[in-house]
Enquirer: 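Dropping a structure here in structure tokens format, bear with me for questions.
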Amino acid sequence: MNKSRREFIKLSAIGAGGLVLANPLLNAMIGQVNAAEPMDASKIKRFPTYCEVCFWKCAGWVYTDEKGEIWKIEGNEDDPHSNGRFCPRGTGGLGMYNDPDRLKTPLMRVEENGKQTFKEVSWDKAFRFIAEKMNEIKEESGPESLALFKHGSGGAHFGKLFKAFGSKNITAPSYAQCRGPREVGFNTTFGSNINSPEPVDLENTKCLVLIGNHIGENMHNSHVQEMSKAIDRGATIITVDPRLSTAASKSKYWLPIKPATDIALLLAWMNVIVSEELYDKKYIEQYAYGLEDLQAHVADKTPEWAEKITSISADVIRQTAREMAFHAPATLIHPGRHVTWYGDDTQRLRAMAMLNALLGSWGRKGGFYFPEKAKVASYPHPGYPPVNWTWKDHLDGTYALAGSSIANVFVDMSHPNNESDYKIKGWFVVGTNLISTIPDTKRTLEAIQNLDLLVVVDTMPMEITGYADIILPECTYLERYDDMRVSPNRFPNVAVRVPAVKPKYLSKPSDWIVRKLAKKLKLSKHFNYESYGEVIDWQLKQMGSSLAEMKEKGVLKMERKTPMFIEADDYHEFGTSTGMIELYSLDLEMEGFDPIPNYTPHPEPPTGYYRLNYGRAPMHTFGRTANNPNLNELMSENSLWVNPFVAADNNLENGQEVWLKNQDGVVSDFPIKVRVTERIGKDNVYMVHGFGRANKKLKRSFGKGISDSQLITNVMVDPVMGGTGMRGNFVSFVTDKPESEVVS
Ligand SMILES: Nc1nc2c(c(=O)[nH]1)N[C@H]1C(S)=C(S)[C@@H](COP(=O)(O)OP(=O)(O)OC[C@H]3O[C@@H](n4cnc5c(=O)[nH]c(N)nc54)[C@H](O)[C@@H]3O)O[C@H]1N2
Ligand SMILES: Nc1nc2c(c(=O)[nH]1)N[C@H]1C(S)=C(S)[C@@H](COP(=O)(O)OP(=O)(O)OC[C@H]3O[C@@H](n4cnc5c(=O)[nH]c(N)nc54)[C@H](O)[C@@H]3O)O[C@H]1N2
Ligand code: SF4
Ligand SMILES: [Mo]
């Protein structure tokens, strides 16, 4: 195939239409499956699962009716992620299964009459094609030249295939586009990562500080439940956000900060706590390294200094600092999750970690607990072959503190401009829509055009599938086994997922896809089982349980082995180089970065432009749910939050449609409706991420609202760990329909 001509194809499959079920009755059923009670209650069955609509992975039950069709999904009472309740997205997960726009068969890019299109092919043909291409790449430049981008459960199966094939170039956007800076910021301070779920003791906190963390819109189930209980208990909530988020509206203090200035606020808070000697003296003396350096560093970072930068009054800065200290150590500066904002993110997260340290909240009730994770044995398989190089060789020491692979670096390694010896030639993309996930789409597309192979494994026709050479339809989580959920928590636990129904159409689970492809690659010895249920059963038996038992329970809880908190007068060794909490970071210093964070100003929007701000809506997860019949009904497009003064300055009315143009001249493909509201400041506009879908095959969501990703062309890379800061983009309003047509 001529790779310079990898055009976006809108999945208008040609040929054997017989493979696709086109039953109008099925279409008419959409959204009604959940409606009625089953006629014969004695025939109801339930199957354990954990939800895949987001990465909180709540465990629950899928109920089927007398016809064996899914009736409803509910939370599992014994699950610490859900406490028996699902969020609206989890309940609506059924829509993922029912969506008539789902991918139905393997599809291969072909050229017909001079035009590229996708043709339905059998699984066998798809595997033959992929195996041949993989072997070609392996012969030409080694197996390491194949990279896996993954997000979600299916990716784990492909990870094993990659390792068996000889590549450890495996990455996920949930690090360098999401939580990476927080892991490095906290690790360089406490010697521990945060991970998921965050080990925050919301159950006992007396003061919760949210810095651009919008729990309530960010719908992480158990934490939303715990935060609402904290509000009912009268805990103090301090929210720092340029927007009156749902959390801000429930807070005692809302600090409508000027965007990109949080580090100044954090330094001023530390100034108050240190200069007024409000810090936890015993804890700091026992565990912390570098207090004197910090004292000297923040001495001139007064609330008056910060007021000028952040636009938060010095009085409020002092008052909130004192309130935090009053409740300490049950004061929790929440680490947030999507923290790739301005490129100095690791340093902002360091400042947040250090503030927690001063308040003594790490390892303390009402602050952070020490989580424990179940140990699950690996299913026996032969050893993996050694690899000659990984992404780390390409970086040659840059981003040395990154604790995981950096998805955008994989794009660099695949780009035609990559002059290093380490080149990536083929991608598997499993459960991640890279076009709207990694910023600077143009660059991602240039990398894609330079590939010899692009395999996309997805459930839906998304933007990324349009660029694939071959698309493999995975069945939804309701139709498959997957690895057990093994997340660290207050107590170790595992949750299982078993299929409640058979895969629809010709879709298949990842474990099946991997096993069949492994056979073509002569790697079957690594996948020595007939069904993934066998693997889980074997693993559970090593833990004294079984799949049969777990089909009844869904979640298995185990005893803790170590204390959940630092006990009074305990000796505690931290995982840093000094073994102490590092207020002064030796690791950062050694890598040539500020050992104590500094505030540096960021560019301001030019006249007529506003900073592009984005976030979550409770009923959607990124772009993955925009087309979901149940959730689309709850919210079918995003809107643009605009301050009344900004609206007046630009002659905008509530409900008016506008296009947006960014600082680099990129104009949005689609329009968005203006929502004039005082809940946002004058220097930024806000939208929910995940809309403005550009694949026409998404019948419900195509062209509804705007994609923030399209307008994020200025990427501020974090020099410490390579994360992609995305909030340094500015937009202006375009009120007349732009000339350009949607190209993708
Ligand atoms: N502009 C912008 N970019 C962002 C963000 C943002 O807010 N704005 N957020 C960032 C963050 S925090 C994160 S974590 C990442 C998330 O990035 P992604 O995980 O890439 O998010 P989605 O866009 O939802 O893409 C998920 C893809 O998986 C597919 N999918 C869903 N279920 C399954 C399944 O069971 N199997 C398979 N094989 N595929 C499935 C969906 O159809 C979709 O194509 O994006 C980051 N990028
Ligand atoms: N419903 C739902 N819930 C989700 C997800 C989802 O897609 N849907 N995705 C999940 C994932 S993977 C992640 S990572 C999390 C992300 O959720 P969060 O970790 O909460 O992170 P963000 O999306 O960055 O937070 C957005 C908030 O930051 C504010 N903000 C913008 N700029 C600034 C600034 O300069 N300073 C301050 N202080 N605030 C600022 C915005 O106004 C907005 O309220 O959500 C998770 N939960
Ligand atoms: S928080 Fe909601 S969408 Fe996420 S896993 Fe739990 S139920 Fe599913
Ligand atoms: Mo994320």
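In listed order, ligands and their atoms are each counted from 1.
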Enquirer: Just let me know how R480 lines up against ligand 1, side chain, backbone, both or neither, with a heavy-atom cut-off below 4.0 Å.
Expert: side chain
Enquirer: When you compare ligand 2 with F55, is there at least one nitrogen or oxygen pair between them that comes in under 3.5 angstrom?
Expert: no
Enquirer: Short list, please: which atoms of ligand 1 are under 4.0 Å from a heavy atom of Q177?
Expert: 10 (C), 11 (C), 12 (S), 46 (C)
Enquirer: Near atom 2 (Fe) of ligand 3, is there an N/O/S atom from C87 that is less than 2.8 Å away?
Expert: yes
Enquirer: Whether R727 engages the ring of Y614 as a cation-pi pair (distance to the six-membered ring centre under 6.0 angstrom, angle to the ring normal within 45°) should be assessed.
Expert: yes
Enquirer: Can you report which non-hydrogen protein atom sits closest to atom 8 (Fe) of ligand 3, along with the distance?
Expert: C51 SG, 2.4 Å
Enquirer: Who gets closest to atom 46 (C) of ligand 2 by heavy atom: H602, R727, R243, H220?
Expert: H220
Enquirer: Touching ligand 1 at all, G154? Heavy atoms, strictly under 4.0 Å?
Expert: no
Enquirer: Just checking, is any N or O donor in the side chain of N714 or Q663 under 3.5 Å from an acceptor N or O on the other one?
Expert: no
Enquirer: Decide if atom CZ of R85 counts as having more than 12 heavy atoms of other residues, nucleotides or ligands within a radius under 6.0 Å.
Expert: no
Enquirer: Could a heavy atom of D708 be found less than 4.0 Å from some atom of ligand 1?
Expert: yes
Enquirer: With atom 36 (N) of ligand 1 as the reference point, say which of E474, R102, M96, H338 has the nearest heavy atom.
Expert: E474
